[in-house]
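Working notes, beginning with the structure itself.
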Amino acid sequence: MGQMSGAQMVCEAIIAEGVKTVFGYPGGAIMHVYDEIYKQNGFEHILNRHEQAAVHAADGYARATGEVGVAMVTSGPGFTNAVTGLATAYMDSIPLIVISGQVPLSLIGTDGFQEIDAVGISRPCTKHNFLVRSIEELPRVLKEAFYIARSGRPGPVLVDIPKDITVDIGEFIYPDSVNIPSYKPTYKGNKRQIEKAVEAIKKSKKPLLYIGGGAVLSGAYALIRELAKKTQIPVVETLMARGVMGADNPLLLGMLGMHGNYASNMAMSETDLVISLGARFDDRVTGKLSEFAKYADIIHVDIDAANIGKLVDVDYPIVGDVTEVLEAMLPQLDDVDTDRYEAWRNILKRYDELHPQSYVDSDEVIKPQWAIERVGELVGEDAIITSDVGQHQMWAAQHYPFDRPRQWINSGGLGTMGFGFPAALGAKRAFPDKTVINVTGDGSILMNMQELVTAAEYKIPVINLILNNHFLGMVRQWQTFFYEKRYSETDLSFQPNWKALAEACGGIGYDVTTKAEFDAALKDAIAQDKVCFMNVAVNRFEDVLPMVPAGGALFNMMLPQTTKGDA
Amino acid sequence: MVHSINERRVISVIVMNESSVLTRITALFAARGYNIESLTVAPIPNSEMSHITIATNGSAKLMEQITKQLHKLIPVYKVIEHEEMVEKEMVLAKFPIAENLADISVLSAAYNGGVVNVGKEMIIVMVADEPKRIKHFIEAAQRYNPCEIVRGGVVAIER
């Protein structure tokens, strides 16, 4: 490619990696790169209106496509605003590159204008980070950053580039391959361990497939469906794995954990063999650890060895990529006796009949669960659903008929309010033909509402479905249950004019209070090519149920009153 | 996780020689609440790597987690959880010249060391021995009113 500036190298690397859309926000230290962005036409740049939103948008793009997302920010506050985005991606293992400007090398360490120790701050919330020290190492660093972000257990990588290096001229040869002697991810599972795990499956009576976000990242959904079909072993999904099995799959019990359904949590409590595929035994899944899967041996397949044995003792550890491990495992299960698990399946079926995922609907007021189900009926598998964090997120996870992986995009690990809207922009940019709906609340949406302007400017018509209960609902729910109804700072009765707010920024607004209005508004919103706020007044004091109180055993659930008798 | 049996352990971490690699290691210990008793680091001759020796304590299970978390760091090439090892620590100690120099000399010789510097007012000795014995040396040295004792931290090599 010859001689060029560091800024040009950044653009060339982005093009070479096949990235079509970059999200970002310019500033002093990154200006040379933005000057080159102006001159090139290999990728588009979306100007978000806040750096946090730029990183979430790149994250949403990555989650929807499986490709590496790229965001660009300046030094100092540009970078610090990006930190929540990095941490969000880190907790959910999302492949992401954030390129940040830095003050010139000569100013580093002098408390220069807009100087902050970006690699220092981002160290605990990135998979890896680089402070580029010379133009000579820049091409290699960029290549390694993309490689590290997408390989092994994926994650965000920060590349911090001092301003003078973006002006320096150097030879640009973008490496074809990467050789980091100290970084060799393990993809293939140990053969002997896999054989032992297969034996354990054949010997068990109450096996349970426990599917996590790693299954989505690995692209293993078809193999997992095949595994379940072949063995007739029931399946539970984590919040991050919704869509892997498909909602109408008869072997899917549902989501487990704090807001998991009865059958899923009981299955985990009574199983004799947990087959964990890309899940990491998060505290929101396990509840009280000493009571978790108490009667079970555990097979744990994870590409990250550190996840294995971190929280629970594992009997069959398999370090490897879920896809590769299943490819090795499936042929060995040809002779599995599916009748063996029939009694177990029947027990779980009875559990589900006893306490199905349910709620009491109403004709007077829109129930949030109804709203989610209705969206599912109207757009179903055609839509990509993003969400913010809170009650609405759990209702979406519980009630939406997810049909495929990457259809459900949410901040599971970090739980970042304000994630959903910018993530929806990223997803919609990646899949312009899909309806993209951000399920949000009247709390979360305000945390990145400036993106109305971004969406309007770039004509990214995402639908923000605001399940409006005039509360920070999830915190309010905990206050109801655990703080004797002292609603400390959770009452959001003071509200903006949502319709006017959306319109002021170039979007559309709908105020919805009845089911009829809901259908009309949603249909209209889908038909429009504009971003919208669909403000839906929902029942104020609706709770997310079932609920396992924090630190409680999974089988001790608070259940909705619609179900028959106590657990 | 219950960290019931807290045993002293020594791990060697072989890392790529690059900037901020030591910070990555120590930050990991800090962030995850692992203890560092001592830490030494020096480049490995004729290579692009450095050898970090960390003395820490915890249960076998915690050690496994520390080892795995260290492995996850991109510049970490190898982690050795020592079992059969030779372990040494070097110590420099400074005494007033008025103390019994013959005793001090004999004491340091008993711990694989000797006098390394004598000035107008001070004498400096160096010893190198196993960490347990170093502890004994420091106790024994107290009666000669040491002005200063500097411990070098543990280095270890697998047998």
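Chain letters run A, B, ... following the sequence lines, proteins first, then strands; residues in each count from 1. Note that these values count all heavy atoms, side chains included, but never hydrogens, waters or copies made by symmetry.
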### A:Y183 OH to B:K72 NZ distance, which is reported to the nearest 0.5 Å
10.5 Å
### Task
Output the distance between atom NZ (A:K127) and atom CD1 (B:I74), rounded to the nearest 0.5 Å.
5.0 Å
### Summary
salt bridge (Lys or Arg N to Asp or Glu O under 4.0 Å) filter on B:E7, not counting sequence neighbours, yields B:R9
### Task
Would you check if there is a donor-acceptor pair between the side chains of B:S19 and A:R133 at a distance under 3.5 Å?
yes
### Query
Can you check whether A:I308's main-chain N or O pairs, donor with acceptor, with B:K68's side chain at less than 3.5 Å?
yes
### Query
Between CZ of B:R32 and NZ of A:K310, what distance do you get to the nearest 0.5 Å?
6.5 Å
### Summary
CG of B:L73 to OG of A:S182, rounded to nearest 0.5 Å, is 9.5 Å
#### Entry: Exceeds 12 heavy-atom contacts within 6.0 angstrom, atom NZ of A:K288
no
### Task
May I ask you to name which of A:P124, A:G152, A:P181 has the most heavy-atom pairs under 4.5 Å with chain B?
A:P181
### Task
Can you tell which part of A:N307 gets under 4.5 Å to a heavy atom of chain B, answering side chain, backbone, both or neither?
neither
### Task
Please collect all ring pair (Phe, Tyr, Trp, His ring centres under 6.0 Å) contacts where either partner lies in residues 281-316 of chain A, sequence neighbours excluded, each pair once.
A:Y210-A:F281, A:F281-A:F292, A:F281-A:H300
### Query
CZ of B:R24 to CG of A:N129: how many Å apart, nearest 0.5 Å?
4.5 Å
### residues 130-159 of chain B: residues contacting chain A (heavy atom under 4.5 Å, by number)
none
### Task
Check each atom of B:E48 against the heavy atoms of chain A and say whether the ones under 4.5 Å are side chain, backbone, both or neither.
neither
### Query
Sequence neighbours excluded, which residues qualify as ring pair (Phe, Tyr, Trp, His ring centres under 6.0 Å) partners of B:F29?
B:Y34
### Message
Is it the case that atom CG in B:N117 sees more than 12 heavy atoms from other parts of the structure closer than 6.0 Å?
### Response
yes
